[in-house]
Amino acid sequence: MLKIIAKFVVKEDKVDEFKECCKSFIFETRKEEGCISYELFQDKNDKKVLIFVEEWKNEEAVANHNNTTHIKNALPTLISLVEEEPVLNITEIVC
């Protein structure tokens, strides 16, 4: 199993737009084969920080996800709403 943590720092006036954009592809992503969980969190102390926490069965499931139409369509919009480069950590359980 893989867990992905993706942190986005969104432009202050674009936070609501970012969250709205995420709603449709989160719904679609949760139906994908190999998706165990896929959630978006917002930092309680800094509302501009939004973090995806994803759990996937394996690397193949992640690769398939990254090639879906809903992700390919959403990413350009998401990237246009952030104020810094997203930070992506791909992890696996070690104990």
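In what follows, every heavy atom counts, from backbone to side chain, and hydrogens, waters and symmetry copies are set aside.
- By the 4.5 Å heavy-atom criterion applied to side chains, Asp16 and Glu20 are not counted as neighbours.
- Counting heavy atoms from C-beta outward, Gln42 and Val49 have side chains that stay 4.5 Å or more apart.
- The shortest side-chain heavy-atom distance between Trp56 and Ile36 does not fall under the 4.5 Å cut-off.
- Within a 6.0 Å sphere centred on NZ of Lys47, heavy atoms belonging to other residues, nucleotides or ligands number more than 12.
- Closest heavy-atom contact between Lys11 and Val82: CE-O, 3.3 Å.
- Within the 4.5 Å cutoff, the side chain of Thr91 has no heavy atoms near those of the Ile4 side chain.
- The closest side-chain heavy-atom distance from Phe25 to Thr69 is not below 4.5 Å.
- Using a 4.5 Å heavy-atom cutoff, the side chains of Leu78 and Pro86 are not in contact.
- Taking OG of Ser37 as the start and CD of Glu54 as the end, the distance is 8.5 Å to the nearest 0.5 Å.
- Taking OG1 from Thr77 and CD from Glu17, the interatomic distance works out to 8.0 Å, rounded to the nearest 0.5 Å.
- Ring-plane geometry between Phe8 and Phe52 is classed as perpendicular, the angle between the planes exceeding 60 degrees on a 0 to 90 degree scale with a lower cut at 30.
- To the nearest 0.5 angstrom, Glu55 atom CD is 8.0 Å from Glu39 atom CD.
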Quiz item: Could you go step by step and tell me if Lys72 and Thr68 meet the side-chain contact (heavy atoms from CB on, under 4.5 Å) rule?
Solution: CA-CA 6 Å; Lys72 287 183 176 181; Thr68 61; over 6 Å; no
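- In terms of hydrophobic clustering, with Ile, Leu, Val, Met, Phe, Trp and Tyr side chains grouped at heavy-atom distances under 4.5 Å, Leu88 and Leu75 are assigned to a common cluster.
- Enclosure of atom NZ in Lys44 is not indicated, since only 12 or fewer non-hydrogen atoms of other residues, nucleotides or ligands lie within 6.0 angstrom.
- The NZ atom of Lys23 sits 10.5 Å away from atom CG of Leu40, with the distance rounded to the nearest 0.5 Å.
- When side chains are defined from C-beta on, Phe27 does not count as touching Tyr38, because their heavy atoms never get closer than 4.5 Å.
- Salt bridge status for Glu83 with Lys48: present, with a side-chain N to carboxylate O gap under 4.0 Å.
- Note that SG of Cys21 and CD1 of Ile26 are 9.5 Å apart. Values are rounded to the nearest 0.5 Å.
- A distance of 7.5 Å separates CD1 of Ile90 from CG of Leu2, quoted to the nearest 0.5 Å.
- You'll find the side chain of Lys19 reaches within 4.5 Å of the side chain of Leu50, heavy atoms only.
- Remark: the His70 side chain and the Glu32 side chain contain an N/O donor-acceptor pair separated by less than 3.5 Å.
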